[in-house]
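We count ligands from 1, going down the list as the structure has it; atoms in each ligand are counted the same way.
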Amino acid sequence: MLSQLAILFIGLASALGCRTGTEIVSNQDWWKTTAFYQIYPRSFKDSDGDGVGDLNGVTSKLDHLVDAGVGALWISPIYPSPMADFGYDISNFVDIDPLFGTLDDFDALVARAKQLNLKVILDFVPNHSSDEHEWFKKSVRREDPYTDYYIWRDGKNPDDTGKYEPPNNWLSTFQGSAWEWNEERGQFYLHQFVKGQPDLNYRNANLRKEMENVLSFWLKRGVEGFRIDAINHMFEDDRFLDEPSSNNANVSAGYYDSLNHIYSKDQPETYDVLQSWRDLLDKYAQESNTDTKVIMTEGYANTDLVMQYYTHGSNIPFNFGFITNTRSGSTAAEFKSVIDSWLDSMPENYVANWVTGNHDQRRVASRYGSNRADQMSIVCLILPGISVTYNGDEIGMLDGEISWVDSVDPAACNTDAEHFEQYSRDPERTPYQWDSTTSAGFSTSSTTWLPVNRNYVSLNLAAQKAVSHSHYHVYQAMTALRKLPIFKRGSLSVEVLADNVLAITRSVTGATPIVALVNCAESSVSINVKNSIAVLDQMTVYTSSVSSGITPGRNVTTSSVQLPVATTIVLTSPRLYQIVHGA
Ligand code: NOJ
Ligand code: MG
């Protein structure tokens, strides 16, 4: 079916309209239009019944990724860890935590992924290690070459008992001072995250070499790239000056957002280190004659700073626009502005990316409302470039309800019973809902590390496969559509139509465009699409948001398209619809 489609489109002139889509040519470009999928391994699939997900669990479910139409998986940390930040506190960068399995299990995962033509991306956490890492223990004892592997500073103003104040006012992202006193060394160390995550010192050449060795270790084990964690925290201004107040009256003293982080974040040296990692990955790909190795970078920062990651080696500097700048109630104009702002800021010949969720953010269906979950899948998958989906969002999973007493996330536990909900990341981390059996098919154990959302009996993958129209089907339909040349080569136009409707159009000369219509209004609307877009008089609904009541396959008259509240539909020519459905 898809090959027929390819034939239909191949040969169409690629004279491109408003915006040039991504050119895809060789295998080196495999990543440029791929749907990426994030796996949070603690919560994906538990193979040994201990209530925590693991590598063999992931391997057993790789077929799901193929079925969903994704091409690459990014796995959150699986390395040995005391789990103070659930794996983002790493005590050995080149091994697997027994909770998740063994290096052999990892090799088996990679081998299975290769059979399925899935690319495996690992999380690389350069900013910090665990305080249980050997390097840190040796650094505490001032054993060379480890003495300066971390950011150590003297304290200030000793009191009568000889107790010091921290070197400056810097704060941890998880609240409170970013400095922890170490009695044995007689100095403070910096931790921008929890105190079990001491920051590494990138001004130390030996440390940099060690981290390069970490990258090489995993490349040799067959990974296809890295998601780089918290990249904009890697360097600190070496004057260690106090940071100014953010003057945000809504944030209490001691909370991270109460300061403006001009010295502890977004420092220019970061880009040089990133470039050196790019070079390392390229050299490896060249020498091993393998596909391009991908770098995804996580940096919540202003657009200018994020764009510089592109030009210093990141293929995918995460675009968090749909997380930080749009939400339930956002207008079509606001969506358009997020899309335009990324595309207009992106340096030429780079590839856009669209992130809908991750393990640090409330789930898409909870942020936008269940009736708009499909809207976000459709928008991200119809836009040019890369989509990044957090596991479970393809079935519209909702945030779990986790009480203060049951909270385990340090971002929640470092606050109090009154404030934790605003900070907790537990709700989006509840186990994946596979089916309606014990623990949603996630584990054979009835107790799991975070409770399974009670809605699993009806909200699960198996149930969504069994009905004719579900969130999962929408997601699948969109990933299938993306494999067409029109998505790889076609142009893009983003418009606001009357009455708060967002229209996203992909087209190549000579073919009927494919159009997504998003009703952003809180009421139903009727619009004339033909007025502004070169559609046929009659188009077919290729896919539609589940709550719209509009069945895929229905024909619509484009001079008068009815869009019930919160509806998103994708229109194709009747002929394309028939080809896709084998009619
Ligand atoms: C960003 C990760 O996504 C988050 O989960 C983690 O807590 C911090 N970086 C620290 O590694
Ligand atoms: Mg397990």
Of Asp131, Asp85, Thr173, the residue whose pairing with Gln197 passes side chain to side chain donor-acceptor pair (under 3.5 Å): Asp85

Take a 6.0 Å sphere around CD of Glu401 and say whether it holds more than 12 heavy atoms from other residues, nucleotides or ligands. no

Within the structure, is a non-hydrogen atom of [X] found at a distance of less than 4.0 Å from ligand 1?
{"X": "Gln38", "answer": "no"}
{"X": "His128", "answer": "yes"}
{"X": "Phe174", "answer": "yes"}
{"X": "Arg227", "answer": "yes"}

What is the closest protein heavy atom to [atom], and at what distance does it sit?
{"atom": "atom 6 (C) of ligand 1", "value": "Asp85 OD2, 3.3 Å"}
{"atom": "atom 3 (O) of ligand 1", "value": "Asp360 OD2, 2.5 Å"}
{"atom": "atom 11 (O) of ligand 1", "value": "Asp229 OD2, 2.8 Å"}
{"atom": "atom 8 (C) of ligand 1", "value": "Phe193 CE2, 3.7 Å"}

List every atom of ligand 1 that sits less than 4.0 Å from any heavy atom of Arg429, numbering the atoms from 1 in the order shown and giving each element. 5 (O)

List every atom of ligand 1 that sits less than 4.0 Å from any heavy atom of Arg425, numbering the atoms from 1 in the order shown and giving each element. 4 (C), 5 (O), 6 (C), 7 (O)

Lys119 to Trp30, cation-pi by 6.0 Å centre distance and 45° axis angle: yes

Would you check if there is a donor-acceptor pair between the side chains of Tyr149 and Glu210 at a distance under 3.5 Å? yes

Quick one about His471 and Asp374 (side-chain donor to acceptor, distance below 3.5 Å, no hydrogens or angles considered), yes or no? yes

Would you say the ring centroid of Phe318 lies under 6.0 angstrom from that of Trp74? yes

Presence of salt bridge, Asp107 and Arg221, under 4.0 angstrom: yes

